[in-house]
Amino acid sequence: SQAGFTLVELTVAVSVMGIIGVVFIGMVSNYFVVITRNNELAEMTINSQNLLRTTVENIRFGDGVRQTNLLTDANSPSGGWNTSNSNFVIIIAVPALTSGHAYIIDASTGSPYMNELIYYLNGTTLMERDLANPGAIGDSIKTTCPSNLATASCPADRLLATYVVSMAFTLYDQNAVITTVPANARSVAISLTMQRNAPGQPLTVNNSIQVTLRNRF
């Protein structure tokens, strides 16, 4: 008797193996897509929570939200940082501290000198520009600069988060009514949207929080 396969049997076997191979590859590809999407979604969720927590801490510690920057910034946009700038996010006034976390007091007012933290969007990257008060001797922070202009005396702006689509701030006065005047703000609602491309469909994370301003120096 002869051993082996007939042409028909061989054709059927190859076809079945091909179908099984395609199904297996599809299952493996789908598995890796799901794992990749879950990892990227988890990363964005953690980053959004960390960003909101840091922002809340700065706002609670600070003296409130400012309409425009009062401290000079040689690298600010034309007209300075303000709420009408399309890349502007928020200006937070925070007390100047020494490296030992002691307030640096302005003798003429009896209150701490104020630094300014400016959050701004650079494309889909959220950055922080620090403006140190020149009168605060021993200030623990330095004025920062764009990365292409950074030096030892003017470090680069800090990257806060990537994949940021929007970070909106809504100000409320003491009666919980929306206000457009930062000086009247007693609480701030923060809405953050992050999005990134991923296998399948883009991933989107929406997060929000409201924080009450604590300090008035």
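All of these numbers come straight from a predicted model, not from anything done at the bench. Heads up: numbering here begins at 1 and tracks the sequence. What's counted below: heavy atoms across the whole structure, side chains too, no hydrogens, waters or symmetry copies.
- Ring-plane geometry between Phe61 and Tyr103 is classed as parallel, the angle between the planes falling under 30 degrees on a 0 to 90 degree scale with a further cut at 60.
- Residues Leu192 and Leu52 have side chains in contact (heavy-atom distance under 4.5 Å, counting atoms from C-beta outward).
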List the atom pairs, with distances to 0.1 Å, where a side-chain N or O of residues 166-175 and a protein N or O form a donor-acceptor pair under 3.5 Å, not counting sequence neighbours.
from	atom 1	to	atom 2	distance (Å)
Asp173	OD1	Asn175	N	2.8
Asp173	OD1	Ala176	N	3.2
Asp173	OD1	Val177	N	2.9

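- Note: Asp157 CG to Thr144 OG1 = 4.0 Å, rounded to the nearest 0.5 Å.
- Considering only heavy atoms from C-beta on, Met127 stays 4.5 Å or farther from Arg158 through its side chain.
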Less than 3.5 Å apart, which donor and acceptor atoms pair up between the side chains of residues 203-211 and the rest of the protein, not counting sequence neighbours?
from	atom 1	to	atom 2	distance (Å)
Thr204	OG1	Gln195	NE2	2.8
Asn206	OD1	Thr193	OG1	2.9
Asn207	ND2	Ser48	OG	3.2
Gln210	NE2	Ser187	OG	3.2

Apply side-chain contact (heavy atoms from CB on, under 4.5 Å) to residues Asn58 and Tyr119 and explain how you reach the verdict. CA-CA 11 Å; Asn58 286 334; Tyr119 289 9; 2.9 Å; yes

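- When Leu117, Thr72, Ile118 are each tested for a side chain to side chain contact (heavy atoms under 4.5 Å, CB included) with Leu131, only one passes: Ile118.
- With hydrogens and angles ignored, the 3.5 Å screen pairs no side-chain donor or acceptor of Ser147 with any backbone N or O of Ala156.
- Remark: Glu40 engages no residue in a side chain to side chain donor-acceptor pair (under 3.5 Å) (not counting sequence neighbours).
- Ion pair Arg129/Asp73 flagged as a salt bridge, since at least one NZ, NE, NH1 or NH2 atom sits closer than 4.0 Å to an Asp/Glu carboxylate oxygen.
- With Leu160 as the partner, the side chain to side chain contact (heavy atoms under 4.5 Å, CB included) test is satisfied by one option alone out of Thr125, Asn50, Leu126: Leu126.
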May I have the step-by-step check of side-chain contact (heavy atoms from CB on, under 4.5 Å) for Val65 and Ile90, ending in yes or no? CA-CA 7 Å; Val65 178; Ile90 194 171; 3.7 Å; yes

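- Screening residues 115-211 for disulfide (SG to SG under 2.5 Å), with sequence neighbours left out, gives Cys145-Cys154.
- How far CD1 of Ile141 is from CG of Asp130: 4.5 Å, rounded to the nearest 0.5 Å.
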Please output the side-chain donor-acceptor pairs of residues 15-25 that fall under 3.5 Å, not counting sequence neighbours, one pair per line with the distance.
from	atom 1	to	atom 2	distance (Å)
Ser15	OG	Thr11	O	2.8

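- Side-chain contact check for Pro95 versus Met114: some heavy-atom pair is nearer than 4.5 Å.
- Judged purely by distance below 3.5 Å, without hydrogens or angles, the side chains of Asn47 and Tyr163 never pair a donor atom with an acceptor atom.
- Every pair passing side-chain hydrogen bond (donor to acceptor under 3.5 Å, both in side chains) that includes a residue from residues 131-140 is listed here, sequence neighbours excluded: Asn115-Asp139.
- In this structure, Tyr113 is not a member of the same hydrophobic cluster as Leu71, with clusters built from ILVMFWY side-chain heavy atoms closer than 4.5 Å.
- Side-chain atoms of Ser111 and Asp106 form no donor-acceptor pair, as typed in the model, at a separation below 3.5 Å.
- Of all the heavy atoms in Leu51 and Ala161, the pair that sits closest is CD2-CB, 3.9 Å.
- A pairwise comparison of heavy atoms in Arg66 and Ala93 identifies NE-CB, 3.5 Å as the closest pair.
- Ile190 places a side-chain heavy atom less than 4.5 Å from the side chain of Ile59.
- The closest donor-acceptor contact from the side chain of Glu116 to the backbone of Leu70 lies under 3.5 Å.
- Linking ILVMFWY residues whenever their side-chain heavy atoms come closer than 4.5 Å, directly or via other members, places Val56 and Val188 in the same cluster.
- For the pair Arg60/Leu213, no side-chain contact is recorded, criterion being any heavy-atom separation below 4.5 Å from C-beta on.
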